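See structure below.
Quick caveat, the model's predicted, so the values are computed rather than measured. All residue numbers refer to positions in the sequence shown, counting from 1.
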Amino acid sequence: MAGARNQGHGARDYTGIGLKYAKDVVAGRIVACKWVRLSCQRHLDDLTKAKKGKGWGFYFDRWSADDICDFVEKLPHVEGQWKTPSLHLEPPQIFILTTVFGWRRHEDGKRRFSYAYIEMARKGAKSTLTAGVGLYCLTCEGEVGPQVIVGATTGEQAGKVFKPMQKMARRSPDLQEAFGVTVWARSITCADNDGYAQTINSKGSTQDGHNPHLGILDELHAHKNRELFDVIKSAFGARTNPLMWIITTAGFDPNGVCYEQRTYLTKVLEGVFEADHFFGIIFTIDDEEVDADGNVIRLADNPYDEKVWIKANPMLGITPSWKTMRGDAKDAQASPSSEGNFLTKNLNRWLSGHSRWLNIAQWLKCADPTLDWKDFEGLDCWVGGDLADKDDITALVLAAFDAQDRLIFKPMFWLPEAVLESPNHAEGKGPAPYRTWVKQGHLHLTPGDWVDHNVVEAKAVEWIEGYGVRKATFDQFAAAQAMASRINENHGDGALAGILHKKASAVTDPAKELEARVKSGPSRLRHDGNPVMNWMASNVVVSRRRDETLLPIKESQMSPNKIDGIDALVNAIQPAITPTETDAGMGDFFNSLAGAA
């Protein structure tokens with residue numbers, strides 16, 4: 001079992017610089033966006049956890065954190081004009097390197113993080129930093145036969161990282177002598193450990209056959225499919241200390257692998273997912289921020305306010321220069337066609353990304369794992385369902401209002417067994433950890449390629465017979481309509497089950513009810529913290545109409561980020577807060593009696 005080395009080394013106190021950067025960001029002394037603040041806070045929280053003992057499984061090794069930085073600062077500049085002949089790391093870069101390489105596993109002393117996602121505006125020296133990481137992993141990590149693979153959409157793009165690696169190695173005789181490094185036309189070799197570095201691209205025919213120790217993906221937003229990402233990821237199997245190092249600027253495709261990884265990271269940083277192996281940081285300008293009551297506490301950043309540019313460009317003034325930024329901003333203001341490029345490339349803003357509907361921090365505060373099925377006994381209950389067929393999730397929700405007038409609910413989810421047999425949902429792939437949720441009992445499998453609606457219907461009937469269910473409401477598709485018809489034939493007065501069409505006019509009231517209760521917090525909403533439902537709550541966006549109606553939707557029609565549980569919850573709430581025709585009829589009847597008297 002490995003232990004922490006608290007003694008650092010190198011030309012500077014890199015660990016101290018990285019720690020100070022994190023503390024200054026969290027304290028507001030450095031201007032930073034939400035995601036940088038959360039990444040820094042995560043590091044500080046982890047340091048606190050590590051001090052409590054070995055039960056957590058990870059420790060911070062100062063020597064390893066300093067070693068990577070000391071190595072990189074010995075490498076020469078190979079592009080542009082600089083004050084010093086060798087690289088000089090800035091605090092944001094030091095924070096990234098010390099965090100990724102300083103955290104270690106107690107069990108074997110290897111790196112904790114096997115994934116690093118770094119998203120930053122262009123001209124942020126991402127490629128230069130990555131070239132240094134590539135040479136370090138090739139020579140200094142004690143790996144036998146390390147393979148460093150630099151991947152991009154084209155060979156030219158892969159060269160943006162690989163060529164600086166070659167130039168740095170050529171101009172570093174001490175590196176060549178110490179590790180037996182030789183630079184070739186298409187590769188770099190290390191005689192000391194039989195390792196090599198080379199490029200691959202999505203258009204090449206030699207993607208397979210690698211066993212990378214370090215896989216670098218440059219400008220992931222430009223990848224039209226996930227093929228290269230999956231090739232490198234799947235090749236990690238034989239390595240005990242692999243690292244996927246992703247650098248990118250924002251793009252335009254919310255359905256691509258880059259936005260998938262970005263979304264996964266944001267959920268890790270917000271606590272929706274727990275992923276101790278995944279490091280990430282996003283430098284961008286901020287969107288509008290609201291408090292628990294829905295009040296705007298921070299307006300969206302004005303992209304032409306120079307004070308916020310540092311959020312997307314943490315080394316502004318060094319790279320890029322103020323002159324470059326001001327010139328690009330001036331062009332963007334003068335030409336609408338240039339504005340999109342300025343927002344995306346200069347300020348690292350995804351133009352096709354949607355704003356999330358529910359405040360996920362408030363949603364998680366409403367979680368209570370002690371909520372039990374027994375808590376629904378004796379209450380008026382409502383069932384909501386959102387049915388699926390092939391390769392999708394089916395959701396049922398049991399909801400009620402307790403004695404404190406809190407909305408309480410527990411969901412259940414089903415998925416066809418065949419979905420997990422797909423390569424797109426192998427362990428560690430796909431938009432969410434389906435396999436983990438199945439093992440934990442949060443996601444239930446039905447045999448075959450299609451969801452077994454008989455299983456789902458049996459659960460709905462079980463709830464109807466076991467609780468005081470007033471109404472069961474399903475989505476408008478044929479399978480749900482057939483299920484509702486069968487329930488009405490065998491239970492209640494023939495109107496127990498109904499259909500709710502997903503249109504703004506029909507779902508606005510229950511959606512606004514849910515929105516208000518999430519904002520109000522645990523005093524108005526209580527759920528069991530089901531991780532599948534938490535994921536779906538973090539996925540849903542909203543379309544707001546001029547007539548003040550709204551419609552909860554996915555970020556795009558083909559998005560893999562599901563919202564079925566939220567749809568089912570809205571279906572359950574709708575009849576609970578909407579007077580039924582029967583209620584209205586009885587009211588008219590009593591009014592007529594009063595008039596007759």
Side-chain angles (χ1 to χ4, degrees), residues 9-11 61 63-79 85-87 89 97 100-102 104 108-111 113-116 126-152 155 158-201 204 206-218 231-233 235-247:
H9 76 101
D61 186 67
W63 193 95
S64 297
D66 285 0
D67 193 55
I68 174 68
C69 297
D70 185 59
F71 176 92
V72 171
E73 288 202 329
K74 285 183 170 66
L75 296 172
H77 282 292
V78 294
E79 295 177 352
S86 60
L87 300 180
L89 295 171
L97 293 180
V100 173
F101 288 86
R104 300 276 153 171
D108 56 13
K110 305 294 186 182
R111 273 184 272 98
F113 293 113
S114 54
Y115 289 83
K126 299 188 296 294
S127 297
T128 301
L129 183 69
T130 299
V133 169
L135 290 173
Y136 181 82
C137 290
L138 174 64
T139 58
C140 295
E141 290 212 291
E143 188 78 8
V144 177
Q147 298 177 15
V148 175
I149 304 301
V150 182
K160 296 290 181 65
V161 171
F162 189 69
K163 287 181 179 179
M165 286 179 64
Q166 290 178 305
K167 292 177 181 178
M168 289 175 182
R170 284 195 187 103
R171 298 180 189 181
S172 301
D174 290 345
L175 179 71
Q176 297 172 28
E177 182 179 350
F179 300 101
V181 171
T182 303
V183 181
W184 307 90
R186 296 180 181 274
S187 66
I188 304 170
T189 57
C190 179
D192 272 16
N193 56 25
D194 293 326
Y196 67 82
Q198 70 176 56
T199 64
I200 61 172
N201 66 77
T206 58
Q207 294 178 357
D208 295 317
H210 297 289
N211 180 19
H213 171 61
L214 171 68
I216 296 170
L217 285 176
D218 188 23
V231 165
I232 293 178
K233 185 174 182 179
F236 280 154
R239 296 288 181 180
T240 61
N241 198 29
L243 176 61
M244 175 84 83
W245 182 274
I246 298 169
I247 55 172

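Of all non-hydrogen atoms in Gln176 and Ala169, the two that sit nearest each other are NE2-O, 2.7 Å. Listed here is the closest heavy atom pair of Cys69 and Ala65: SG-O, 3.6 Å. Glu79 approaches Lys167 most closely through the heavy-atom pair OE2-NZ, 4.4 Å. When every heavy atom of Ile149 is checked against every heavy atom of Tyr196, the shortest pair comes out as CD1-CE1, 4.3 Å. Between Gly132 and Phe71, the closest heavy-atom pair is O-CE2, 3.8 Å.
Partner of Met168 under the side-chain contact (heavy atoms from CB on, under 4.5 Å) criterion, chosen from Val72, Thr128, Leu175: Thr128.
The distance from the CZ atom of Arg170 to the NZ atom of Lys163 is 10.5 Å, given to the nearest 0.5 Å. Summarising the geometry, atom CG belonging to Asp218 is positioned 8.0 Å from atom NZ belonging to Lys126; distances are rounded to the nearest 0.5 Å. Here Asp67 contributes atom CG and Asp61 contributes atom CG; the two are 9.5 Å apart, rounded to the nearest 0.5 Å. Summarising the geometry, atom OG1 belonging to Thr240 is positioned 9.0 Å from atom CZ belonging to Arg111; distances are rounded to the nearest 0.5 Å. Residue Asp108 holds its CG atom at 7.5 Å from CG of Asn241, rounded to the nearest 0.5 Å. Put simply, CG on Asn211 and CZ on Arg239 are 4.0 Å apart, with the number rounded to the nearest 0.5 Å.
Considering only heavy atoms from C-beta on, Phe236 stays 4.5 Å or farther from Ser114 through its side chain. Residues Val150 and Gln198 form no side-chain contact, since every pair of their non-hydrogen atoms from C-beta on lies 4.5 Å or further apart. Using a 4.5 Å cut-off on side-chain heavy atoms (C-beta onward), Lys74 and Ser172 make no contact. Looking at Pro164 and Val78, their side chains come closer than 4.5 Å, going by heavy atoms from C-beta outward. Considering only heavy atoms from C-beta on, Phe162 stays 4.5 Å or farther from Ile216 through its side chain. Within the 4.5 Å cutoff, the side chain of Leu89 has heavy atoms near those of the Leu129 side chain. Looking only at side-chain heavy atoms (C-beta outward), Leu214 and Trp245 come within less than 4.5 Å of each other. Annotation: side chain of Glu141 is not in contact with side chain of Pro146 (no heavy-atom distance under 4.5 Å).
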Evaluate the criterion side-chain contact (heavy atoms from CB on, under 4.5 Å) for residue pair Val100 and Ile68; output intermediate values, then yes/no. CA-CA 10 Å; Val100 173; Ile68 174 68; over 6 Å; no
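Here the side chain of His213 pairs no donor or acceptor atom with the backbone of Pro242 at under 3.5 angstrom.
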Show me, pair by pair, the donor-acceptor contacts under 3.5 angstrom made by side chains of residues 182-193, not counting sequence neighbours?
residue : atom : partner : partner atom : Å
Trp184  : NE1  : Thr189  : OG1          : 3.0
Asn193  : OD1  : Gly195  : N            : 2.9
Asn193  : ND2  : Leu138  : O            : 2.9

